[in-house]
Structures are given as C-alpha cells and as structure tokens.
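Below is one structure, written out as structure tokens; the observations come after it.
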Amino acid sequence: MIDVRLLRTDFDGVRAALARRGDDAILSSLDRARDLDVRSREIIAERDDLRAKVKSISKDVGMLRRDGKVDEAEALQADSRALGEREQTLDAEYAQVADALRTELLYIPNIPHHAAPDGASDADNPVVRGPVGLLDEYPEHQRVPHWETATDLGILDNERAVKISGAMFTMQRGAGATLARALCQYGLDLNADVHEEIRPPSLVTTATLTATGQLPKFADDAYAIERDDLWCVPTAEASLTSLYNDEILAGDELPIRVMAFSPSFRREAGSAGRDTRGMLRAHEFDKVEMLAFARPDQAPALLDDMVDRAARAVEGLGLPYRVIEICTGDMGQSHHRTYDVEVWAPGAGTWLEVSSVSWFGDYQARRGNVRFRPVGDDGQPVKGTEFVHTLNGSALAVPRVWAAIVEHYRNPDGSVTVPDALRPYMRGIDVITAS
RNA sequence: GGAGAGGUGCCAGAGCGGCCGAAUGGGACGCCCUGCUAAGGCGUUGACUGCAGCAAUGUGGUCCGUGGGUUCAAAUCCCACCCUCUCCGCCA
C-alpha cells in the first residue's frame, strides 16, 4: 500500500512514477483516492470537533448530577443528544468514505524504483548478467524436452497425477521424487548461513494474503478454502511476510532474514495450455523462499545479495543462466524493483524463470503493519516508528530447475547424470536410468 | 465438536457507567547518592491519526481481543465473533 500522505505532499510525483507502469486505470484510481482522502479529512475535522463537544458536555453533566442539579443536567443532555445525532451521521459518512479509500489504496500498485528500466512488457526486460555458461549450440541428446526424457525414465508420471487431481498437477516418482527433494535440501543448505529456517503454515488467513498484495486484486489466482475462510499459499512469501504483522521490531535487530521450504498453490487461471508441458507450470509445486525484513538503508545491498544467492544456486548446479531486470510495464503489483533469474532449458528450447527476487519498499509492511524503532547514531532508540522494508526471492523453485537438469544433463543413452552438488542428497544415485 | 475460565499498557496485575490512557508492582531509560558494585532516592516511559508550525512542539480525535449496540457519558452494561487456557471427544 502506498502512503496516503504522499498523495497530499507529492501527488504529481506519485502520479508520474506510477504512470511508468503504463496502465491508465492506475491513474484514475489514484485520482479517486486523492479525492476520497480530501473528503475524509473534511469529515474527520467536523466529526472530531463534535466529539470533543460531546465529551466536554458529558463531563459537565456528570458534575451537575453529582451536585444534584438535575434540571440543568437534563438540559445539557438534550444538547448533547442533538450533537450526538449529527456526529453519528458524519461518522456513518466517514466510514463509507474511509472504506472506499482503503479499497482504492489496496488496488494501487507500488511505485517503481527510479532506476527500474522503463518498458511495456516482458519483451523489454534487459539482461543484466550473463548469459553465463550458455553454448552456441546444444548437441542432439540434450535437445529433448524433459517431459519425454522423464516419462521414459519413469521419474515423471503426470498421467496419473491428472487422474488423482486433474489437469496441471504433476507427480515425480523414484529418482525423480528424490531429485525434487534433493533440490529443496540443496536450496536450504545453500542459504542457511544467514537465514533462519522456518516451516510456516501453508494455509493462511485473508489478512495474511492481503499483506503481501495477493488480495484483494488477485483472488482468482489463489485457492480459497471458503468454509474456513483460509487460502492456500501461492508462495511461502505470503506466510513469511506476515510473520511480524502488527509488531514493532527493534531497529538494531534488522535485518531479519528467514527462509522456508513450502508447497505453493496456484490456480493459474487463464494460463491453461500455456507452457504447461511437463514440469513447467503446475497448480502445486515446491519451493525454497528467502525473505528479509530490513531498514530502508539496508535494502539495496540485500537485494543484490539475494539475486546473487538465487544465481549461485543454479550456477552451483552447472546450469546456464542469466539475470534480467523487470521493467516498469512487467512489474508485479507489490514490487518496487525486481530481478529474475532464468535458466536455459535446451530441450524445451527456452529460458525458464526459476527465481524472482524483489524489493517491496514499505508497500507490504504498510499493509501488514510491520514497523521498527529506528536507532540513532548513539545507539539509542529514536522516537517514533517506521515501516520496515521487505524483500524476497526464490532460493530454489523445484520444478523448473528439475526440468532444466533433466534436459541439461541428459546423456546420449537417455539417462540423466545427477549434478555433483546434489549427490549428497541422492542416496547414492549418480545417474538416473530407466529401472 | 461439547463444557468451563479468561483476554487491560514492555511484563505482571487492579479497575464503582462519569474524576480512567487507565491504580499498583516489575522492567527499561535519565539524574542524585556511593571509591566501585549492591542497596536507596527522584523523574521519565505507548501506538495511530486530524489541524497549526520549517521545526522542537502545541492542540483535537481514536485505541483496554475484534465488530456492533445501549447511554448525555462505556475498559466498565448488552449481543455476535476471534483467540488463549483447562477438561471431555476425535486424531497423524
């Protein structure tokens, strides 16, 4: 959520920054929010004034009654009642305006970082690192899609997954299942040096999913368990971001860095049939997510570090990769600045997004009400509170890395060699062969 | 799911419908005292928000689990919901 006060102090600046996202609907929403804010403050001024009068009269009534001056007290009560009625009318109007304003603000996306590249779509995302390790041409035995190789090897059984759960669910078997779990363990171990490992709930409340920005705007993308008013997390980001909702953290304990393995559930509404072969896009997948709560001054370095970590994960597996920066027109609603790590899949013949690392500014923290007490140069807490900055990124998204491994490490005989980095987790399997 | 108890400030804990943003104790911070430490004394100690001000600040409003209601006036009365604890039931 953006700061309403910015609409008062620098409306044109906010408008210009958001215009870079290239969506006029945002700008009209911004106009409406500004008008609602003006109106709500007009009402508040009048209402609070009435409340102050009622409070003061009520005190007088109390004293008069104590002194036995019943007639005077009753006269005052009548006055107060009249004021109270007007106050109630105003209050009802305020509630309406405030609610409309809150809704408007919940839909307005984050302001892009000034250095984020301009652009209209994913076609405009610049490559900022790499490609690293990419060959000009891949030999024929690597140019086989993972769904073919994996099905032949018996490590992917999507037909039966569909029987069990319907379209766009996947199932790994045998060494394939082991490989998926090995990737999780690898992703966690790689980042345990600075992150606390957390195993958060996978079902979360509406408030939790609202804090990250998934709700209310993207309700159709998430699985809802309506009977219990819970949602399946689309990513562990959702659970982790709400870890400290409504809390005030000490400035000197920041940054707080956490990571979690979790399943991720996505309805993928509207994307059926698009990049859905094999393991490319599914309703449920596993992922290791990193997340940081930081002071604003710590955020840029953390963003760089997290991008490095995401890249290191695929680099350590020997996969060709590149890093792209997301342009203003392709940026997610809550994002302030975002980098994606992509891995080359020689069989599918495409770059696969395997990690998205983002800096959210205080956009999520404002929604979740996560604050910190700043510390001055003398080490003493400074008066007041500030919203933390949040950052997150996939440390390792299992299915697409799994797919890239099966394609990249495919041998001429159709077997798949396990990358060295994963061997400790593979129960002695160095090469996956048909069993 | 059933029965009972409870949710108050950083923590513990009191609170008659008006004098309650809230006693008291603890903690934390500052100062005093002491050679140092301990003990003791004095003081400070919430968040959000409207308006005014460059600002320090001033001045209104809101917050005693959440949301409604009664009243001139609600932490205090009424209703619903949420959460915690104990017992029972169920269960990996």
Side-chain angles (χ1 to χ4, degrees), chain A residues 1-10 33-103 105-106 199 201-211 225-231 242-253 263 362 365-388:
Chain A
M1 196 150 64
I2 62 170
D3 186 355
V4 230
R5 278 170 293 200
L6 270 181
L7 300 183
R8 300 173 202 160
T9 56
D10 185 22
R34 192 248 331 254
D35 295 345
L36 286 165
D37 178 50
V38 169
R39 181 68 195 126
S40 86
R41 279 180 297 144
E42 286 169 0
I43 300 171
I44 284 178
E46 198 179 338
R47 185 201 63 181
D48 286 357
D49 194 48
L50 283 170
R51 279 190 181 171
K53 283 185 181 130
V54 169
K55 279 177 78 165
S56 140
I57 291 175
S58 293
K59 264 183 191 154
D60 293 345
V61 169
M63 292 204 274
L64 288 170
R65 286 201 174 273
R66 198 179 46 197
D67 298 343
K69 298 174 181 167
V70 178
D71 289 351
E72 287 179 52
E74 275 173 4
L76 277 183
Q77 277 174 226
D79 290 350
S80 185
R81 199 176 302 130
L83 290 173
E85 274 163 23
R86 271 193 62 206
E87 190 262 347
Q88 277 202 338
T89 310
L90 280 173
D91 200 45
E93 195 185 344
Y94 170 73
Q96 212 174 8
V97 171
D99 191 59
L101 175 58
R102 198 177 318 118
T103 303
L105 288 171
L106 282 174
R199 176 49 253 239
S202 304
L203 265 37
V204 299
T205 62
T206 298
T208 294
L209 220 50
T210 301
I225 301 167
E226 290 181 35
R227 187 168 66 172
D228 297 296
D229 194 24
L230 289 168
W231 303 77
S242 285
L243 197 57
Y244 297 113
N245 279 6
D246 299 314
E247 295 188 35
I248 301 174
L249 306 168
D252 56 13
E253 66 180 343
D362 64 9
R366 200 176 285 283
R367 288 170 164 245
N369 193 28
V370 189
R371 290 167 290 167
F372 72 98
R373 242 175 253 289
V375 175
D377 296 334
D378 55 354
Q380 291 297 311
V382 178
K383 55 12 175 171
T385 62
E386 270 184 64
F387 288 106
V388 301

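In what follows, every chain begins at residue 1, and chains take the letters A, B, ... in the order their sequences are listed.
- For the residue pair A:Ala33 and A:Leu105, the shortest heavy atom distance occurs at CB-CD2, 4.4 Å.
- Of the candidate nucleotides B:G50, B:A47, B:C72, B:A47 has the atom nearest to the side chain of A:Arg371.
- Residues A:Gln77 and A:Arg65 each lie close to RNA chain B; by heavy-atom proximity, the contact nearer the 5' end of the strand is made by A:Arg65.
- Using P as the reference atom, B:G60 and B:A22 are 14 Å apart when rounded to the nearest Å.
- Counting any heavy atom pair closer than 4.0 Å across all strands shown, A:Ser80 reaches sugar-phosphate atoms only and no base atom.
- Atom CG of A:Asp99 and atom P of B:G67 are 13 Å apart (whole Å).
- Atoms CZ (A:Phe387) and P (B:C48) sit 8 Å apart, rounded to a whole Å.
- More than 12 heavy atoms of other shown residues, nucleotides or ligands fall within 6.0 angstrom of atom CZ in A:Arg8.
- Rounded to an integer number of Å, the gap from A:Asp228 CG to B:G1 C1' is 13 Å.
- In this structure, A:Arg102 atom CZ and B:U49 atom P are separated by 14 Å, rounded to whole Å.
- Using atom C1' as the reference point in both B:G9 and B:G26, the two lie 13 Å apart (nearest Å).
- Which of B:A47, B:C19, B:C51 sits closest to the side chain of A:Thr385 comes down to B:A47.
- The backbone N or O of A:Ala52 lies less than 3.5 Å from no partner atom in the side chain of A:Ser56, so there is not a single donor-acceptor pair.
- At a cut-off of 3.5 Å, with distance as the only test, no side-chain donor of A:Arg39 or A:Gln96 sits close to an acceptor on the other residue.
- Helical stems in RNA chain B, defined as runs of 3 or more consecutive Watson-Crick or G-U wobble pairs with donor-acceptor distances under 3.5 Å: B:1-7 with B:82-88, B:10-12 with B:24-26, B:27-32 with B:40-45, B:46-52 with B:57-63, B:65-69 with B:77-81.
- Closest to the side chain of A:Arg66, from the set B:C51, B:U49, B:C19, is B:C19.
- For the P atom pair drawn from B:U70 and B:U59, the interatomic distance equals 34 Å after rounding to whole Å.
- To the nearest angstrom, P of B:U71 lies 17 Å from CD1 of A:Ile57.
- A:Thr9 places a side-chain N or O within donor-acceptor distance of the main-chain N or O of A:Arg5, the cut-off being under 3.5 Å.
- Using a 4.5 Å heavy-atom threshold, the side chains of A:Leu106 and A:Met1 count as touching.
- Not one N or O on the side chain of A:Glu72 forms a donor-acceptor pair closer than 3.5 Å with the backbone of A:Lys69.
- One atom, CG of A:Asn369, and another, C1' of B:U49, lie 13 Å apart when rounded to the nearest Å.
- Look at the P atom in both B:C11 and B:A52: the space between them is 35 Å, to the nearest Å.
- Looking at heavy atoms from C-beta onward, A:Thr205 lies in side-chain contact with A:Leu230 at the 4.5 angstrom threshold.
- Counting to the nearest Å, the P atom of B:G50 and the CZ atom of A:Arg41 are 8 Å from each other.
- Across the C1' atoms, B:C85 and B:A92 are found 24 Å apart, a figure rounded to whole Å.
- Nucleotides B:G15 and B:U76, compared at atom C1', are 8 Å apart to the nearest Å.
- Between A:Arg366 and A:Ile2 there is no side-chain heavy-atom pair separated by less than 4.5 Å.
- B:U37 sits 23 Å from B:G43 when the P atoms are compared, rounded to a whole Å.
- A salt bridge does not link A:Arg47 with A:Glu93: none of the charged nitrogens is closer than 4.0 Å to a carboxylate oxygen.
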Is there a salt bridge (Lys or Arg N to Asp or Glu O under 4.0 Å) between A:Asp37 and A:Arg34 once you walk through the steps?
CA-CA 5 Å; A:Asp37 178 50; A:Arg34 192 248 331 254; over 6 Å; no
Reading nucleotides 75-85 of chain B from 5' to 3' and marking B where a protein heavy atom lies under 4.0 Å of the base, S where only the sugar-phosphate is that close, and - otherwise, the string is -----------
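- At distances below 3.5 Å, not a single donor-acceptor pair connects side-chain atoms of A:Arg51 with backbone N or O atoms of A:Glu87.
- Closest-nucleotide positions on RNA chain B for A:Gly62 and A:Arg81 were compared, and the one nearer the 5' end corresponds to A:Gly62.
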Counting primed atoms plus P, OP1 and OP2 as sugar-phosphate and everything else as base, spell out the protein contacts along nucleotides 52-66 of chain B at 4.0 Å heavy-atom distance: B, S or - for each nucleotide, 5' to 3'.
--------BSS----
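- Atoms CG (A:Leu90) and C1' (B:G50) sit 14 Å apart, rounded to a whole Å.
- Side chains of A:Val370 and A:Asn245 form a contact here, defined as non-hydrogen atoms less than 4.5 Å apart.
- Rounded to the nearest Å, the gap between the C1' atom of B:C10 and that of B:A5 is 26 Å.
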